[in-house]
Amino acid sequence: MSRRVPLRHSLVTRLLVTSVLIAIAAIASTAWLATRTVTRAISQEQGRALTDDKGVYDMLVTYAATHADWTGAPALIQQRAAKLGRRITLMTEDRAVIADSGSGPSLRTARPSAAVDPLNLDLSLTGGSRRIDPRIAGPFLVPPAERARLRKVADDDLNCLRKMRIDGKIGTAVNGRPTLTVTTPGAVLDPQCTQLADAVSPTEEKALLSLERLASRCLGLDPGPFILKIRPDFTVYTGKTDSPIDVRQRPTAVAEELLFATDSSQSARINGCVEKSRRTLLRPYVAPPALLFVTNPTSPSDPFTLSRANTVRILTVTGAVLLATIVVTVLVGRRLVGPLRALTDSADRHVPAAVSTKDEIGRLARALNDSAERRDQAEAQRRAMVSDVAHELRTPLTNIRSWLEAAQDDLAPTDAQLLGLLHEEAVQLQHIIDDLSDLAAADAGTLRIHPEPIYLRDVLTQVVDSHRGTAADIELTLRVDGDPVVTADAVRLRQLVGNLVSNAIRHTPAGGSVTVSGSSAEITVRDTGVGISPDDLPRIFDRFWRADESRSRATGGSGLGLAIARKIAEAHDATISVESTLGEGTRFTVAFSRR
């Protein structure tokens, strides 16, 4: 009875698992790719919208930093809105419209794209770190008449650097103040060449003084000889009221606490007050804060929509994933079904199937190949057996028919000699039929044995005594060590040993010897006959096979004895083997299993 294929190895399970995995992979891939594509498309649209917003924001911040009001803003907004195809609206902080590029839904409750205030820049849009737009000059604008003195200081600093073999260049800041930049790679400003950092024009000095007072008031510093000082680059230090210096002097108690503090919170407080004071000074010079709205002309809540290119891209990705899923499913299906088709073709053409896998399909291919091989062997054995049986039965039947026809024609007398010949041929027929019956029972698994403990010496003695008559000119000897007991069917064991002894006597010439030996482990039958060639040894247990095909039935037997001996040995869980040398003799050994 064949074993059932385990569930984990069954083809149905593989097909189901494959289908589920393909479905999961397809869904996951579609979801992932669609999400990525949609996210990318949205990011592109958002990026485009953000770019538009940033462009509008930069334009308006630039205008606000250089104008005290929004009077000229509507013209700029109309021009940019026409270029972008968007609605641009500018409102005050209390939602009063300053400028609007077109009509549309109310923006009273809409979220602004950005707050436009050059004194409080949106760092997410500018990408910088300064909250105050550096383009605002305000009271720090250096008049042209005062720039010559500052330029001379800058030239002196540059000459100082060049004496140290450091090159640089002089530029001009937004407020008209000269700037000095080092151009030599890896070099920095030397402290001896930094007079420009502390040099101020009268206009700057006045503005910085106002800034210092506001910052000191914010920090709560008491007035005195040592007060908060601010350089033109808005860095903080302490000094006397009558002359700025670069080194720290002894400040008041509050100033000491603030200016000599090393923790970040105090530093942030100082910078915060300076920045707040700058906003106070610069506020009159810039446009007031405003809210910027860059929206879709039809819907303020939908600032952008997917472009046609992005929509096509999403549909293309989804279709490609579905197509890939179909192709993978077809390929996997063909791969799974391919071996089955190959097996079917092999079965139709009656040729061995190729075994390329170790799974259940490979097992099936091996089983079919084994079955086909056994079928071919069985068919060949059947044809050979039919031929051999016909050949074996033909000789005694022909003899019987010949003698009977001779008696009918009065060519042979019907006396005791004729009856003896007919009886001998009938006995030979019966012997062949009994042997065939035993072999058929062994093949069908119905060869009945009744094992029981028996004395081996008694069984072997009976076999040897029954063959002494046929071994008149041959020395037949029995050797048994002790009185061993084995578990076997006595009748079948006598039949097995008898077939071996008969075969040994038949192939041993006169003057030779046959020796039967026994122990609890094995039985051996040794002869000094003609022996068997090495090429014939693998076939001696085949049915109807003889080493000498010319041997007559009278001396050659039926050719079934050794085949029956092997079947009886297998029924006893024993093994039978043979060793032979041409011209020296043969030895058969029946070994009992130890259980």
Note to self: Using the rule given for side chain to side chain contact (heavy atoms under 4.5 Å, CB included), can you reason through L496 versus V590, listing the C-alpha separation, both sets of side-chain angles and the distance that settles it, and then say yes or no?
What the structure shows: CA-CA 9 Å; L496 186 159; V590 179; 3.6 Å; yes
For [X] and [Y], indicate whether the former's side chain and the latter's backbone hold a donor-acceptor pair under 3.5 Å.
| X | Y | answer |
| --- | --- | --- |
| S113 | V294 | yes |
| Y57 | L292 | no |
| H423 | L419 | no |
| T589 | S577 | no |
| T487 | P451 | no |

Next item on the list: Tell me, please, which residues at least two apart from S580 pass side chain to side chain contact (heavy atoms under 4.5 Å, CB included).
Entry: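 S580 satisfies side chain to side chain contact (heavy atoms under 4.5 Å, CB included) with I532, L537, T586 only.
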Under 4.5 Å between any side-chain heavy atoms of [X] and [Y], yes or no?
| X | Y | result |
| --- | --- | --- |
| L562 | F588 | yes |
| I88 | F293 | no |
| R587 | V578 | no |
| L493 | D489 | no |
| L478 | T461 | yes |
| L84 | V56 | yes |
| T575 | F592 | no |
| V486 | I454 | yes |

Distance from [X] atom [atom1] to [Y] atom [atom2], nearest 0.5 Å?
| X | Y | atom1 | atom2 | answer |
| --- | --- | --- | --- | --- |
| H467 | I505 | NE2 | CD1 | 5.5 Å |
| L121 | L123 | CG | CG | 7.0 Å |
| T515 | L476 | OG1 | CG | 8.0 Å |
| I474 | R506 | CD1 | CZ | 11.0 Å |
| T477 | R526 | OG1 | CZ | 12.0 Å |
| F541 | I576 | CZ | CD1 | 4.0 Å |

Notebook entry, point to check: Do you know which two heavy atoms are closest between V514 and A504, and how far apart they sit?
Noted result: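 Heavy-atom minimum between the residues: CG1-CB, 3.9 Å.
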Item checked: Heavy-atom closest pair, residues P484 and D481 ->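 Here P484 and D481 meet closest at CD-O, 3.3 Å.
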Margin query: Testing the 3.5 Å rule here: is there a donor-acceptor pair between the side chains of S533 and D535?
Written below: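 Result is no, nothing qualifies.
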Margin query: Going by side chain to side chain contact (heavy atoms under 4.5 Å, CB included), Q495 matches just one of I564, V463, L500. Which one?
Written below: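 That would be I564; it is the only one of I564, V463, L500 passing the side chain to side chain contact (heavy atoms under 4.5 Å, CB included) with Q495.
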Notebook entry, point to check: Would you call D465 and R468 a salt bridge, taking side-chain N to carboxylate O under 4.0 Å as the test?
Noted result: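 Salt bridge flag = yes for R468 with D465.
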Notebook entry, point to check: Got more than 12 heavy atoms from elsewhere within 6.0 Å of CD, E475?
Noted result: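 No, the 6.0 Å shell around CD holds no more than 12 heavy atoms from other groups.
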Margin query: Working note: I523 + V497, criterion side chain to side chain contact (heavy atoms under 4.5 Å, CB included); need CA distance, chi angles, decisive distance, verdict.
Written below: CA-CA 8 Å; I523 299 173; V497 179; 4.2 Å; yes
Next item on the list: Could you list all the salt bridge (Lys or Arg N to Asp or Glu O under 4.0 Å) pairs where at least one residue sits in residues 491-503, not counting sequence neighbours?
Entry: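 Passing the test, one end in residues 491-503: D438-R492.
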